[in-house]
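A, B, ... follow the sequence lines: proteins, then strands. Residue 1 opens every chain.
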Amino acid sequence: DAFVQRVWEWVDEYGTRIRAQLQKIGCSCDWERDRFTLDEGLSGAVREVFVRLYEKDLIYRANYIINWCPRCQTALSNEEVEHKDLSGHLYHLNYPLADGSGRHVTVATTRPETMLGDTAVAVHPEDERHSDLVGLNVELPLTGRTIPVIADEYVDPEFGSGVVKVTPAHDPNDFEIGRRHDLPEIDVMNGDATLSAGAPEAYRGLDRFEARKRVLADLENEGLLESTESHEHSVGHCYRCHTVIEPRLSLQWFVKMKPLAEPALEAYRDGRLRFHPARFGNIYENWMVNVRDWCISRQLWWGHRIPVWYCRNADCGDPIVSREDPAECPKCGGGLRQDEDVLDTWFSSWLWPFSTLGWPDETEDLKAFYPTHTLVTDPGILFFWVARMVMSGIEFMGDIPFTDVLLNGVVRDSTGRRMSKSLGNGIDPLAVVDQFGADAMRYRLIASSGLGTDLQLDHEDIENAFRVGRNFGNKIWNAVRFALPYLEGWDGTLPETDAPCLADRWILSRFNRAVLEITDYFERFRLQDAADAAYHFIWDDFCDWYLELSKHRLRGDAGEEARAAAAGTLGTVLDGWLRLLHPIMPFITEELASHLPKAVVRDTLVMGPWPAASAKLADAEADQAFDELREFVSSVRNMRAEYKVDPGRGVPVVLTGVSGPLQTGLEHEGAGVRTLARLTEIQYADSVPEEPGAQAVLRGGTQVFLALEGLVDLSKERERIEAEHERVKSFLAQTRAKLENKKFTAGAPPEVVDREREKLHSLVEREALLVEKRGALSRSP
RNA sequence: GGGCGAGUAGCUCAGCUGGUCUAGAGCGCCUGCCUUACAAGCAGGAGGUCGCUGGUUCGAAUCCAGUUUCGCCCACCA
């Protein structure tokens, strides 16, 4: 509660400050330029990290071509740029040679306005077509400038004319070429992408797209626009305001990434760091290998100020990087000016695994919770966040922050688009929580997205999307509510009995298997399978069969010893199962567990132990007997439904050739079975009665006869038996063909062959019985 | 341009190391039930040539190759 209180105070405080700030500057949009500083919370750690990296020479300031959003007027990192395929134009421009020969070279560009900043044209050094040009000059149209022809390996002779215009201040590759050849860098644009004083006077002040039209028109007038062709290419856009970005030469702060990436890559390669699903490891590795320096300065009004100061006295010296705000210049005592820029938000996020625990102080929390085990996150921020947390963890804590990274799927709408606020196709989680409950939402999300796969939900039909979770919550709520009265006085143990009843043996065996399965699924991050296993255990096995069969014992109808045994089993299974489900539906399981007898639940589920499997509970005999019991009940129910027997009406059944497991099952659970199938009695006979009735043959060979005088239509019964016979026949044919194939019996593993033989054996028996029945029916009137 | 994922019932998804798969679940659909935990439930049922083509194998939804559709990530080709 104290923590939540603190969070709300923080939100209030900063919310108020943000609103005040926005009002002050009359801002209705988030790209207006102003700033305020986060001077609390984690900024101490952020500043510490900046200073340490700077001292290790891992932070530097440099002029470089960065991605620039002219609308936000800030630098963007590569990850903040989204590329969209657009159909645009490729323009071919002619630049006349300056030797008066009348010859020209042709260059291609998608951004003609940048030609105003060209400072060379380049050809490949081994391109024989153009080797005579190298060293000559060309006249740069519209500018009155003359620029050289240079040779550089970067140029691809296969592409276009093999001649490239070089604009060092407006293109990253050209920038590199310019540095290699010591070319001037002419910046022709302002921060808002209007043409600057670097451009000829005629274009100054024009917006970049306006300038593009003007340049093209002017070139056309001079006969220097060779041609225009349509061109598909991908164009970078700002991830926030979707404006086309402009590569821009500017002075920014960078983090050197190679030295940080190497140990982070090593951690993955030697297996200390694992990704689920594993394929994300390749993506991580690829990024780490090709990592580029990280531009961390942003020209925004929101964020941590860069802890760098400059002396107002120009020429005084290096920037001052400091943990404390310096009052004056340590060299000359002059006034200082702090760097205007703030840090990229990820520069604080990458410290999250330790900065939130009090770092750089050596706190108890830090000792207890660093490193942790699993990070669960969206695959979209693998580079932004995950990779960088690994790097900072190794750099500042000496160890990776977590060993396992679980990348969950993305929720999409019914047409497959990612849900987002701007598309308006999202689902408000709080509305879902209101209508269906937090657990219902959580269950649905976990249960329908397999490891590494996305999930589609229809945002226009929330009912359909989330009712599964709500219904499941209701089901277990009702089941526990039903069970609670029978658990009064239960001491939390499983009673020792000489002759435990079959249903108890079976549900315990089944529960034991559920513990093993679900534990295994969680350990392998197969959350969907864990949810599915928990769901079917409680709904199908526990509610539909175990509870129904145990009601009479729980009421005490079978005596005190049987009641206590049933109650103990009921409690043991429920208590353990609530723990298994707890990670998936934390609230409802915690609530329900709190109603179990105090002797059992001493602590909350979230703090309590995970259920342990016990080999003693595994019971193959009970499993098989129960399976056959279930098949028997189902077959009776099916026949009753086929012949539309009044649900309230009990009927007798006659069994012939009862299999061993079913015999065992009926001896122990006959009373319960009669209730489930609405049977008045279960008779055993050596042969099937001659009178008309509904018949079935179970997998174990048991023949079931339901005397339904007056209800059974012989032709319908013939059809039923016929259909059943056809199914068994085709299955039998397949099995037989397999076993007659020498290559199969020789090549397949012995246990597979044995299994097929057993299958064949029981199928042969069933088929014979069905043939006999079919014959009998066709002889009947 | 490079890399990756997905395509299985009307819908949303499972099916992991090829053989209990005669391919499952939930929702939806059809039939019958208000059976004292639960009608947001119970019981029964219908519904699929596993995107397409070829290959490997005794055996393929599963492995391989090709192909097609959708989606994602990465990338400086003017």
Side-chain angles (χ1 to χ4, degrees), chain A residues 65 78 83 90 107-111 122 154-156 158-167 171-176 231 233-234 247 277 279-280 282-283 286-287 290 379-380 382-383 410 412 414 416-418 436 444 447-458 461 464-465 467-468 470-485 524 526 528-529 532 535-536 540 543-544 547-548 551 633-634 637-642 644-648 675-678 727-728 730-731 734-735 737-738 741-749 751-753 755-756 758-759:
Chain A
I65 298 277
N78 287 316
H83 290 268
L90 186 62
V107 297
T109 180
T110 55
R111 296 181 295 146
Y154 165 74
V155 181
D156 178 1
E158 304 294 314
F159 190 91
S161 65
V163 186
V164 178
K165 65 194 270 302
V166 182
T167 323
D171 182 279
N173 299 306
D174 294 7
F175 177 80
E176 299 288 349
H231 183 62
H233 61 150
S234 94
R279 68 187 139 85
F280 284 106
N282 296 331
I283 298 174
N286 193 42
W287 188 79
N290 299 304
L382 187 61
F383 310 132
V410 173
R412 303 180 176 282
S414 42
R417 295 175 306 176
R418 194 186 180 102
F436 302 92
R444 165 60 157 131
S448 25
S449 79
L451 180 58
T453 64
D454 292 348
L455 159 71
Q456 293 203 7
L457 292 178
D458 185 352
D461 193 353
N464 188 44
R467 87 174 110 217
V468 194
R470 176 199 57 195
N471 293 358
F472 185 41
N474 274 343
K475 184 71 183 181
I476 64 186
W477 185 270
N478 284 319
V480 175
R481 197 183 57 175
F482 168 76
L484 282 175
R524 292 158 63 208
R526 298 186 67 94
Q528 180 185 47
D529 293 320
D532 195 57
Y535 181 99
H536 289 291
D540 300 348
C543 288
D544 291 349
L547 278 188
E548 293 303 331
K551 280 175 177 172
V633 171
S634 293
R637 283 169 169 173
N638 172 287
M639 287 187 276
R640 293 179 60 111
E642 289 265 343
K644 303 202 187 312
V645 178
D646 181 346
T675 312
L676 292 188
R678 286 273 169 162
R727 276 185 50 223
V728 170
S730 80
F731 197 14
Q734 269 181 45
T735 311
K738 235 182 212 181
N741 182 343
K742 289 247 161 34
K743 285 179 180 167
F744 171 74
T745 46
E751 59 273 22
V752 173
V753 179
R755 209 155 52 212
E756 290 300 312
E758 273 172 42
K759 207 154 84 180

Enquirer: Going by side chain to side chain contact (heavy atoms under 4.5 Å, CB included), name the residues that satisfy it together with A:R727, two or more places apart in sequence or in a different chain.
Expert: A:E724
Enquirer: Using the ring-ring contact (aromatic ring centres under 6.0 Å, His included) criterion, which residues pair with A:F731? Sequence neighbours excluded.
Expert: none
Enquirer: In whole Å, measure the gap between the P atoms of B:C42 and B:A61 for me.
Expert: 33 Å
Enquirer: Side chain to side chain contact (heavy atoms under 4.5 Å, CB included) with A:A479: which residues, sequence neighbours excluded?
Expert: A:C543
Enquirer: Under the rule for side chain to side chain donor-acceptor pair (under 3.5 Å), what residues qualify as partners of A:E548, not counting sequence neighbours?
Expert: A:K551
Enquirer: Regarding A:F436, tell me which of base, sugar-phosphate or nothing describes its non-hydrogen contacts under 4.0 Å with the strands shown.
Expert: nothing
Enquirer: Using Watson-Crick and G-U wobble pairs whose two distances are both under 3.5 Å, how do you write the pairing of RNA chain B as dot-bracket, with | for links to another strand?
Expert: (((((((..((((.....[....)))).(((((.......))))).....(((((..]....))))))))))))....
Enquirer: Residues in ring-ring contact (aromatic ring centres under 6.0 Å, His included) with A:F436, at least two apart?
Expert: none
Enquirer: Can you sort out the partners of A:I283 under side chain to side chain contact (heavy atoms under 4.5 Å, CB included), two or more places apart, ordered by chain and number?
Expert: A:F280, A:L382, A:F383
Enquirer: How long is the straight-line distance from CD1 of A:I65 back to CD of A:E176, given to the nearest 0.5 Å?
Expert: 9.0 Å
Enquirer: Test of understanding: with side chain to side chain contact (heavy atoms under 4.5 Å, CB included), list the residues that count as partners of A:P485, not counting sequence neighbours.
Expert: none
Enquirer: Give the first and the last nucleotide of RNA chain B, reading 5' to 3', that has any atom under 4.0 Å from a heavy atom of chain A.
Expert: B:C4 to B:A78
Enquirer: Could you tell me whether A:R412 contacts a base, only the sugar-phosphate backbone, or nothing, with contacts defined as non-hydrogen atoms closer than 4.0 Å?
Expert: sugar-phosphate
